[in-house]
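As structure tokens, the structure follows; a few thoughts come after it.
Note that these values count all heavy atoms, side chains included, but never hydrogens, waters or copies made by symmetry.
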2 protein chains.
Amino acid sequence: MARSTRESILTAAAELMRHRGYAAVAMKDLAAASGAPIGSLYHHFPGGKVQIAREALVNAGAAYGMLIPTLVDPHDDLGEAVEALFAQAADDMAATGYANMCPVASVAAEIADTVDELRQATAEIFDGWLDGGAAYFTKRGLPPAQARDVTVALVGALEGAFILARTLRSREPLLVAGRVLAPGYRGVALGAHAAVPG
Amino acid sequence: MARSTRESILTAAAELMRHRGYAAVAMKDLAAASGAPIGSLYHHFPGGKVQIAREALVNAGAAYGMLIPTLVDPHDDLGEAVEALFAQAADDMAATGYANMCPVASVAAEIADTVDELRQATAEIFDGWLDGGAAYFTKRGLPPAQARDVTVALVGALEGAFILARTLRSREPLLVAGRVLAPGYRGVALGAHAAVPG
DNA sequence: GTCTATATCACGATAGAC
DNA sequence: GTCTATCGTGATATAGAC
């Protein structure tokens with residue numbers, strides 16, 4: 001598990017942005033958290049802070065995009081899957097002391113109007129989640145239009161419930177989201193298990 | 001409509017945080033946007049940037065909390081109301097060039113782990129929305145438990161869809177959220193119109 | 001490719017004249 | 001209550017030795 005300096009910088013960036021967003025993370029913090037001196041940050045990322053943030057978000061986004069397929073995969077009924085998904089997210093959040101699971105949404109909200117390079121990056125990540133989720137649910141037998149709607153609704157509801165849950169330090173928003181969304185999908189059968197995209 | 005210096009500072013703060021979050025808004029920016037010199041900011045808000053942000057968020061949160069009751073009020077069927085709510089939000093967002101409607105969620109995501117005074121403020125605002133929405137739907141005849149669940153689900157879905165819509169610059173996430181949530185509430189009658197809380 | 005030292009500038013906050 | 005000047009700090013980024 002010998003990680004390169006580059007990787008440790010990106011890992012540190014994702015970890016710090018997960019908690020503080022973009023503007024509140026300083027290059028000095030990235031140097032301290034990664035163990036690399038400031039000079040190395042600019043050696044590996046000549047584009048500076050924006051480039052580091054962009055690559056860290058892309059990495060984190062790819063990992064996070066497998067969350068829905070991974071958690072849905074064991075289930076054969078879409079309603080059950082949805083309820084389990086939100087219950088699992090609620091438990092994870094509570095277990096981590098209501099820290100954010102993923103830096104993408106936090107950063108996206110902060111920079112959508114100001115740092116266009118990052119807005120484009122977060123948009124591509126979201127698009128990847130939506131396309132990947134739609135492809136996954138299509139493979140499990142849903143009609144393409146429903147597969148996409150389910151994915152968009154799940155990602156949106158998850159992100160919104162994450163913000164509420166984190167701020168209120170309560171599992172309620174996540175549990176309610178699952179409870180409200182699941183009935184509409186109860187009885188919708190999921191077909192043969194597909195390989196989780198990666 | 002002669003606004004006090006204090007009010008113009010708070011208005012400027014809400015407007016800037018709506019676009020940039022908390023950390024990326026500088027006192028200098030608040031001075032420029034409000035027309036008040038730096039010294040006046042600290043005269044009116046001895047607590048500095050945190051105090052300004054807190055009061056601006058409380059003000060904006062109170063206004064924003066009336067959104068759901070106001071948009072739901074003309075409807076007699078909960079399903080119709082939900083679909084209209086998201087459609088209206090989608091149109092508003094598109095009309096404003098996909099700017100954020102409200103600073104609360106953006107700031108909440110950014111400071112939940114770092115500035116506890118603001119985390120508490122945003123939590124109180126969210127709680128106010130949830131309590132106010134639950135009270136509103138209860139007055140319109142829903143059982144209290146359902147009234148609260150509906151509110152939690154709507155606020156969560158709205159916030160999540162806002163982030164996606166703003167980043168993707170698309171109405172799709174808001175329209176899909178409405179389309180997915182509405183069927184579960186179709187046929188749920190809303191009783192006599194209640195006064196919108198304020 | 002690593003690391004130190006530093007340039008340049010913007011930050012939040014304060015002091016104090018008016 | 002308004003406004004200017006400025007303090008001390010920490011920001012991003014660079015230069016250049018090793």
Side-chain angles (χ1 to χ4, degrees), chain A residues 1-57 103 106-107 110-111 113-119 121, chain B residues 1-57 103 106-107 110-111 113-119 121:
Chain A
M1 198 60 188
R3 284 200 335 213
S4 72
T5 300
R6 235 190 105 90
E7 280 166 357
S8 63
I9 292 167
L10 292 176
T11 304
E15 180 63 18
L16 285 171
M17 287 194 295
R18 195 164 80 94
H19 291 281
R20 296 191 224 162
Y22 174 73
V25 172
M27 295 296 275
K28 189 198 69 167
D29 302 328
L30 294 175
S34 68
I38 294 270
S40 289
L41 270 60
Y42 287 94
H43 172 76
H44 292 287
F45 304 93
K49 189 178 169 182
V50 171
Q51 185 187 354
I52 294 175
R54 192 179 60 74
E55 294 197 26
L57 289 172
S106 306
V107 173
E110 191 184 345
I111 49 71
D113 296 339
T114 50
V115 190
D116 199 62
E117 182 177 340
L118 290 181
R119 197 221 104 229
Chain B
M1 197 61 190
R3 282 203 333 215
S4 71
T5 300
R6 234 189 106 89
E7 280 165 358
S8 63
I9 292 167
L10 292 177
T11 303
E15 179 64 18
L16 285 171
M17 288 194 294
R18 198 163 79 93
H19 291 280
R20 297 190 223 163
Y22 174 72
V25 173
M27 294 296 275
K28 188 197 68 167
D29 303 328
L30 293 175
S34 68
I38 293 270
S40 289
L41 270 60
Y42 286 93
H43 173 76
H44 292 286
F45 304 93
K49 189 178 170 183
V50 171
Q51 185 187 355
I52 294 175
R54 192 179 60 73
E55 295 197 26
L57 289 172
S106 306
V107 173
E110 190 184 346
I111 50 71
D113 295 339
T114 49
V115 190
D116 199 62
E117 183 178 340
L118 290 181
R119 197 221 102 229

Checklist entry - How about Leu57(A) and Pro103(A): do any of their side-chain heavy atoms sit closer than 4.5 Å? => result yes

Checklist entry - Does Lys28(B) make a side-chain N or O approach to OP1 or OP2 of dC11(C) shorter than 4.0 Å? => result yes

Next on the checklist: Going 5' to 3' along DNA chain D, which are the first and last nucleotides with any atom under 4.0 Å from a heavy atom of chain B?
Outcome noted: dG1(D) to dT4(D)

Checklist entry - Of Gly35(A) and Ile38(B), whose nearest nucleotide on DNA chain C comes first from the 5' end? => result Gly35(A)

Checklist outcome for this item: CG (Leu30(B)) and CD (Glu15(B)) are apart, to the nearest 0.5 Å, by 11.5 Å

Next on the checklist: Could you tell me if the side chain of Ser106(B) sits less than 4.5 Å from the side chain of Arg18(B), heavy atoms only?
Outcome noted: no

Checklist entry - Listed in order of residue number, which residues of residues 40-49 of chain A have a non-hydrogen atom at under 4.0 Å from DNA chain C? => result Ser40(A), His43(A), His44(A)

Checklist entry - So what does Val25(A) hit on the nucleic acid, given a heavy-atom distance under 4.0 Å: a base, only sugar-phosphate, or nothing? => result sugar-phosphate

Checklist entry - Can you list the residues that meet the side-chain contact (heavy atoms from CB on, under 4.5 Å) rule with Ala33(B), with sequence neighbours excluded? => result Ala12(B), Leu16(B)

Next on the checklist: Does Leu118(A) form a side chain to side chain contact (heavy atoms under 4.5 Å, CB included) with Glu110(A)? I'd like the steps, not just the answer.
Outcome noted: CA-CA 10 Å; Leu118(A) 290 181; Glu110(A) 191 184 345; over 6 Å; no

Checklist entry - Looking at side-chain heavy atoms only, is the closest gap between Ile9(B) and Arg6(B) below 4.5 Å? => result no

Item to check | Step-by-step side chain to side chain contact (heavy atoms under 4.5 Å, CB included) determination, Thr5(A) to His43(A) | outcome: CA-CA 11 Å; Thr5(A) 300; His43(A) 172 76; over 6 Å; no

Checklist entry - Considering only heavy atoms from C-beta outward, does the side chain of Arg20(B) approach that of Asp113(A) to under 4.5 Å? => result no

